[in-house]
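Worksheet for the structure shown next.
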Amino acid sequence: MSFSSDEVNFLVYRYLQESGFVHSAFVFGAESLIAQSNINGALVPPCALISIIQKGLMYVEAEISTGEDGQERLIDTLSLIDAVMPDVVTSRKQVENNGKPPAGIKQEQPNSAPEEGVPLNQDNPAEPMVIEGIEIPVEKATVLKGHDSEVFICAWNPMKDLLASGSGDSTARIWNMTQGGEATVEVLKHCIQMEGREVPSNKDVTSLDWNCDGNLLATGSYDGYARIWSTTGKLEKTLGQHKGPIFALKWNKTGNYILSAGVDRTTIIWDSSTGSCKQQFAFHSAPALDVDWKSEESFASCSTDKQIHVCQLGQDRPVKSFQGHTNEVNAIKWDPQGKFLASCSDDMTLKVWSMDRDTCVHDLSAHQKEIYTIKWSPTGPGTNNPNMSLVLASASFDSTVRLWDVERGTCIHTLTRHKEPVYSVAFSPDGKFLASGSFDKCVHIWSTQSGQLVHSYKGTGGIFEVCWNSKGDKVGASASDGTVFVLDLRK
């Protein structure tokens, strides 16, 4: 058996990506020259590092459990840290052979914790009981298989039931759910020119967005290119100006411009009709993580440099800058009217900003870990639901989702059913429901009024993204095991 440092580095890189440490993965990938290795990432299955570690752990346990007489004995499970400590392994072998522990090794007290695989007592709040009728039946879930690697993102077409997904297998896919029967799919292969021919880029597709008419899909990739596709899967334009991975991209409402953010510390406004760079903004001192349009020609951007800039097409300086976060800013979103800008950070806070103030309007501290993403409800003045109040949702690595009353700066509901980091939240078009997706493999759907869980579905991989279709009767989700699934919420 032999393996190279390139192979080990690639598995560590993949593990960091799959665990949600996107920025750490990028830095590690750059330092270890992942891009220069000849490993085809599309062929490496999800969770490969964990799988090989588990096999190694099983081997060590087999070594310990097999006595000198060749007979196998039942042993207590070994922790991963114990397995890499020679003294512990040696002492455990002695215990199994002699029947008693050597001096100095502390033993776990019997019944101090439930055994792995044994259900916890139903009174334990960490294992809430499933409420009858909440589980979405299998026949209401359509699992879409085809991606060969984790699926980071998905988005519904605004006009019809086409679901786009982007994956680590260097493809995006458009799944046609309009027929009601079996879904058809268009595969959008992300290729680069090499020695006069097109070859797969082997880079993750990490961002995508439909234009308002639903006839064009934009994708952003770790290969540094943004691309525009038709609904039939035809590549219309390739947008090349970024030097390195693209982390976010958005169409403006009119559909004449696309906005992108990259690891090269810049944001770019593209002319979607020509594919040319309209203006490149180099105001951040570190990778730009997210962008969001304020109007047709102005936008906000955030970065690992802890800064937020508001920029205007044609202006060579930011029209406003917001400072206050003490760690990298993961996501920013303007409210439906473009009045308030919300930001969330690894500093565990959520802040709300206004163009007429230099300091934040609200500094909301309640989450116990990093806040990964935020979303505004499609409610309040200027929306299709003007009689409902405006709400902000935040999703955190502390396994909770919070709903906030932004006018008052107070938390309305804390949604606590998830058991792992929450990567995505999405409001239904009528604002009455919120979908959340977590690495516990669950998609939960909540009432925004009561905060009660109304639907739940457990998939087969950690959930990276959830999204609602325009009718509000289907929820799409993408997962770490390469699956995409659609939950039909019609009665």
Side-chain angles (χ1 to χ4, degrees), residues 130-147 150-167 172-187 208-210 214 217 231 375 377-379 384-385 393 395 401 415 417-418 422-491:
V130 175
I131 301 169
E132 199 170 341
I134 280 179
E135 292 261 350
I136 293 173
V138 176
E139 59 270 18
K140 289 284 189 179
T142 304
V143 180
L144 306 170
K145 294 184 178 178
H147 282 297
E150 57 274 277
V151 188
F152 298 112
I153 193 157
C154 60
W156 287 101
N157 183 295
M159 295 299 171
K160 49 191 174 182
D161 278 354
L162 301 177
L163 180 65
S165 57
S167 166
R173 288 168 198 246
I174 300 175
W175 309 87
N176 190 333
M177 308 292 293
T178 58
Q179 306 306 315
E182 189 123 337
T184 57
V185 65
E186 299 291 343
V187 179
L208 47 80
D209 194 34
W210 292 97
L217 176 72
T231 55
K375 289 283 171 63
S377 62
T379 53
N384 293 330
N385 312 292
V401 175
L415 314 177
R417 287 301 189 94
H418 286 297
V422 185
Y423 279 89
S424 180
V425 285
F427 284 94
S428 60
D430 62 8
K432 292 180 180 177
F433 300 100
L434 181 81
S436 60
S438 161
F439 242 54
D440 63 7
K441 305 179 183 178
C442 290
V443 172
H444 291 328
I445 296 168
W446 315 80
S447 162
T448 54
Q449 294 294 310
S450 67
Q452 292 296 305
L453 184 64
V454 292
H455 294 297
S456 187
Y457 179 81
K458 187 161 188 176
T460 51
I463 310 298
F464 278 117
E465 186 82 17
V466 290
C467 56
W468 293 82
N469 67 344
S470 57
K471 293 179 189 170
D473 59 12
K474 293 189 183 81
V475 170
S478 60
S480 62
D481 66 345
T483 59
V484 179
F485 57 87
V486 175
L487 306 176
D488 189 339
L489 302 178
R490 293 174 295 183
K491 298 293 184 194

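Keep in mind that what you see is a predicted model, and the values were worked out from it rather than measured. Start at 1 with the first residue, then count along the sequence.
Two residues are said to be in side-chain contact when any heavy atoms from C-beta on lie closer than 4.5 Å; Val484 and Ser167 fail this criterion. Looking at Ser456 and Arg417, their side chains never come closer than 4.5 Å, going by heavy atoms from C-beta outward. Residues Met159 and Ser470 are not in side-chain contact: their nearest non-hydrogen atoms beyond the backbone lie 4.5 Å or more apart. Between Val143 and Thr460, every side-chain heavy-atom pair lies at or beyond the 4.5 Å cut-off. The closest side-chain heavy-atom distance from Trp468 to Phe427 is not below 4.5 Å. Using a 4.5 Å cut-off on side-chain heavy atoms (C-beta onward), Trp156 and Val486 make contact. Side-chain contact between Lys474 and Asp161 is present, with at least one heavy-atom pair separated by less than 4.5 Å.
Around the NZ atom of Lys140, the shell of radius 6.0 Å holds more than 12 heavy atoms that belong to other residues, nucleotides or ligands. For Lys375, the NZ atom is densely surrounded, since the number of other residues' heavy atoms within 6.0 Å is greater than 12.
Rounding to the nearest 0.5 angstrom, the gap separating the OG1 atom in Thr184 from the CD1 atom in Ile174 is 10.0 Å. To the nearest 0.5 angstrom, Phe433 atom CZ is 16.0 Å from His444 atom NE2. Considering OG of Ser165 and CD of Glu465, their distance stands at 11.0 Å, rounded to 0.5 Å. If you take CG on Asp481 and NE2 on His147, they are separated by 11.5 Å, rounding to the nearest 0.5 Å. Rounded to the nearest 0.5 Å, atoms CZ (Phe439) and CD1 (Ile463) are 8.5 Å apart. Between Phe485 atom CZ and Leu144 atom CG the span is 10.0 Å, to the nearest 0.5 Å.
What you find for Leu163 and Gly476 is that their closest heavy atoms are CD2-CA, 4.3 Å. Between Ala426 and Cys467, the shortest heavy-atom distance links the atoms CB-CA, 4.1 Å. Nearest heavy-atom pair across Val151 and Phe464 is O-CD1, 3.3 Å. Heavy atoms only, all atoms of each residue included: Leu434 and Ala393 are closest at CD1-CB, 4.1 Å. Among all heavy-atom pairs drawn from Asn157 and Thr231, the shortest one is ND2-CG2, 4.2 Å. The two residues Pro429 and Gly472 have their closest heavy-atom pair at CD-CA, 3.6 Å.
Each of Val475, Val443, Leu489 was compared with Ile136 under the side-chain contact (heavy atoms from CB on, under 4.5 Å) criterion, and only Leu489 meets it.
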